[in-house]
Amino acid sequence: MSDPPVRALEGVRVLELAHLIAGPICGMYLADMGADVIKVESRESPDASRTVYGIARAGEGILHLTVNRNKRALCLDLEKPLGREAFYRVVKTADVVLEGYRNGVAEKLGIDYATLRPMNPRLIYCSVSAFGPEGPWRSKPGLDALAQAVGGLMAVTGEADGGPALVGAPVVDTIGGLLASQGILTALIARGRTGEGQRVDVSLLDGVLLSHLARLSVFHETGVPIPRYGSGHPNLVPYQAFHARDGWIFVAVWKDDTWRPFCKEVGRPDLADDPRFATRADRLANRKELTALLEIAMAGRTIEEWMAALEPIDVLCAPVNDYAQLVRHPAVRATGMIVEQEHPRAGRFTTMAPAVKLEKTPGTIRTGAPALGEHSREILEEAGLAPAELDALAAQGII
């Protein structure tokens with residue numbers, strides 16, 4: 001991926017104090033787009049992505065390698081006064097502080113917005129938390145799964161006759177990271193007009209509530225909770241995964257005028273004239289009966305055969321890919337999202353390209369995820385600390 005002559009966020013400096021997925025994904029997006037993202041960690045409590053999952057390459061945690069590319073690393077003890085003073089020097093050179101601590105930790109460390117704003121009135125301060133800065137759960141430790149649970153996503157996920165299910169990928173962490181990047185970019189645009197920074201608050205709970213937007217609007221109107229439908233849809237039938245001869249295929253008859261051609265193609269033209277299934281409302285009312293009949297019919301062909309038969313009649317369909325299948329699927333490969341990256345210590349590994357594609361200033365992968373404190377001296381020198389000051393900080397274990 002060639003580097004554009006001008007990067008979209010070149011000249012924007014971000015201090016990232018966040019662990020694992022949500023905050024680092026936000027920092028990754030900003031860094032991919034050219035921002036100078038400085039990952040601030042301590043020796044005693046580095047980003048857990050360096051060790052989580054227990055999967056590493058040459059000692060580098062695979063999650064760390066993925067979400068912390070294009071960043072520089074500053075290792076600093078913020079619990080010591082001299083460490084905080086050094087951090088304040090860097091804050092004066094920054095555009096954004098991105099923090100993902102539990103509520104109250106930033107205040108305890110003296111790096112909260114109220115403390116930093118007088119030092120840099122143009123500073124944008126983005127907090128990413130599980131449950132937001134207000135309410136009874138403001139100080140509760142949280143993660144993706146808890147937000148899925150309390151935010152209702154788990155309750156509507158899973159088979160109709162089974163229990164609640166966790167979505168298989170950390171989608172809420174990812175939504176939180178993307179909302180944080182959106183908030184930061186919006187605040188940067190506002191600062192360009194007003195000259196002032198501001199605080200940005202994003203919570204995982206906010207993100208999961210946003211994911212319910214379409215269906216929660218129905219609940220607000222009807223007062224009826226939406227049950228679990230597995231891979232199905234509350235208002236459309238058939239609209240689900242079926243077991244074909246060689247695997248699973250998702251099929252959606254989403255338009256009434258495709259119902260009759262679909263019935264003919266699956267070898268059951270009689271279903272189109274069956275009064276139980278004649279209209280969308282009829283099919284919805286008789287979901288169980290229709291699904292049982294279609295499960296038998298769909299088992300008779302392979303996924304490839306069904307794709308060839310259903311696509312020409314405008315029935316939406318797609319194979320249900322596992323990870324091994326999805327990385328080989330031609331539609332996935334055509335996105336250019338799965339790429340190879342070189343790392344100075346971990347070597348060559350497979351990762352994701354930037355998901356937002358800009359024509360003239362695209363995001364790029366330029367540098368590998370940094371080692372703990374790899375750029376500490378370099379960053380602090382840029383903030384104006386003299387070599388003697390850096391030597392003193394190093395001697396005391398602060399950097």
Go through the structure and list residues passing side chain to side chain contact (heavy atoms under 4.5 Å, CB included) with Pro319, not counting sequence neighbours.
-> Ile303, Met307, Asn321, His329
Between [Y] and [X], is there a side-chain heavy-atom distance shorter than 4.5 Å?
X: Val156; Y: Arg215; answer: no
X: Ile25; Y: Asp173; answer: no
X: His19; Y: Ser45; answer: yes
X: Leu116; Y: Met119; answer: yes
X: Phe242; Y: Val266; answer: no
X: Ile313; Y: Glu265; answer: yes
X: Lys108; Y: Tyr101; answer: no
X: Asn103; Y: Lys140; answer: no

Please check: side-chain N/O of [X] versus main-chain N/O of [Y], any donor-acceptor pairing under 3.5 Å?
X: Arg50; Y: Gly61; answer: no
X: His64; Y: Pro370; answer: yes
X: Gln325; Y: Asp322; answer: yes
X: Arg89; Y: Gly384; answer: yes
X: Arg280; Y: Trp254; answer: yes
X: Asp206; Y: Val202; answer: no
X: Lys39; Y: Leu372; answer: no
X: Thr291; Y: Lys288; answer: no
X: Thr186; Y: Gln182; answer: yes
X: Thr351; Y: Thr66; answer: no

For salt bridge (Lys or Arg N to Asp or Glu O under 4.0 Å), just list the numbers for Asp256 and Arg283, CA-CA rounded to whole Å, side-chain angles, deciding distance to a tenth of an Å, and then say yes or no.
-> CA-CA 11 Å; Asp256 282 336; Arg283 295 190 290 274; 3.0 Å; yes
Which value, rounded to the nearest 0.5 Å, describes the distance between [X] atom [atom1] and [Y] atom [atom2]?
X: Leu153; Y: Asp144; atom1: CG; atom2: CG; answer: 8.5 Å
X: Leu185; Y: Ile189; atom1: CG; atom2: CD1; answer: 7.0 Å
X: Leu393; Y: Leu385; atom1: CG; atom2: CG; answer: 6.5 Å
X: Asp47; Y: Ser42; atom1: CG; atom2: OG; answer: 10.5 Å
X: Met298; Y: His243; atom1: CE; atom2: NE2; answer: 11.5 Å
X: Ser231; Y: Glu159; atom1: OG; atom2: CD; answer: 6.5 Å

Residue that, paired with Lys71, satisfies salt bridge (Lys or Arg N to Asp or Glu O under 4.0 Å) out of Glu41, Glu16, Glu374 = Glu16
Are [Y] and [X] connected in a single hydrophobic cluster, I mean Ile/Leu/Val/Met/Phe/Trp/Tyr linked by side-chain heavy atoms less than 4.5 Å apart?
X: Leu204; Y: Leu98; answer: no
X: Val37; Y: Leu358; answer: yes
X: Leu30; Y: Leu74; answer: no
X: Trp248; Y: Val167; answer: no
X: Ile338; Y: Ile365; answer: no

Please say whether more than 12 non-hydrogen atoms of neighbouring residues, nucleotides or ligands are located less than 6.0 Å from [atom1] in [X].
X: Arg366; atom1: CZ; value: yes
X: Lys255; atom1: NZ; value: yes
X: Arg245; atom1: CZ; value: yes
X: Glu304; atom1: CD; value: no
X: Lys264; atom1: NZ; value: no
X: Arg193; atom1: CZ; value: no
X: Glu44; atom1: CD; value: yes
X: Glu289; atom1: CD; value: yes

Dump the intermediate steps for side-chain contact (heavy atoms from CB on, under 4.5 Å) on Leu284 and Leu236, then the final yes or no.
-> CA-CA 6 Å; Leu284 191 63; Leu236 295 172; over 6 Å; no
Selection residues 340-396 - residue pairs positive for ring-ring contact (aromatic ring centres under 6.0 Å, His included), sequence neighbours left out | none
In terms of ring plane angle, is the pair Tyr239 and His233 parallel, tilted or perpendicular, where the classes change at 30° and 60°?
-> perpendicular
Under the side-chain contact (heavy atoms from CB on, under 4.5 Å) criterion, do Arg57 and Ile62 qualify, and how do the steps go?
-> CA-CA 7 Å; Arg57 294 178 62 91; Ile62 197 65; 3.9 Å; yes
Output side-chain donor-acceptor pairs under 3.5 Å for residues 6-15, partner residues at least two apart or in another chain, one line each.
| from | atom 1 | to | atom 2 | distance (Å) |
| --- | --- | --- | --- | --- |
| Arg7 | NE | Asp3 | OD1 | 3.3 |
| Arg7 | NE | Asp3 | OD2 | 3.0 |
| Arg7 | NH2 | Asp3 | OD2 | 2.5 |
| Glu10 | OE1 | Arg7 | N | 3.4 |
| Arg13 | NE | Asp36 | OD2 | 3.1 |
| Arg13 | NH1 | Thr93 | OG1 | 2.9 |
| Arg13 | NH2 | Asp36 | OD2 | 3.2 |
| Arg13 | NH2 | Glu382 | OE1 | 2.7 |

Provide the closest heavy-atom pair for [X] versus [Y] in the form atom of the first, atom of the second, distance.
X: Ser203; Y: Ala130; answer: CB-O, 3.8 Å
X: Gln341; Y: Thr367; answer: NE2-O, 3.5 Å
X: Ser181; Y: Cys26; answer: N-SG, 3.4 Å
X: Leu65; Y: Ala369; answer: CA-CB, 3.8 Å
X: Pro141; Y: Leu146; answer: O-CD1, 3.6 Å

Test: Arg377 and Asp391 ion pair at under 4.0 Å | yes
Lys/Arg N to Asp/Glu carboxylate O, Arg228 vs Asp161, below 4.0 Å = no
Identified side-chain contact (heavy atoms from CB on, under 4.5 Å) counterpart of Ile399 within the set Ile379, Asp77, Leu380 | Leu380
Test side-chain contact (heavy atoms from CB on, under 4.5 Å) applied to Phe87 and Leu109, step by step | CA-CA 11 Å; Phe87 180 73; Leu109 291 174; over 6 Å; no
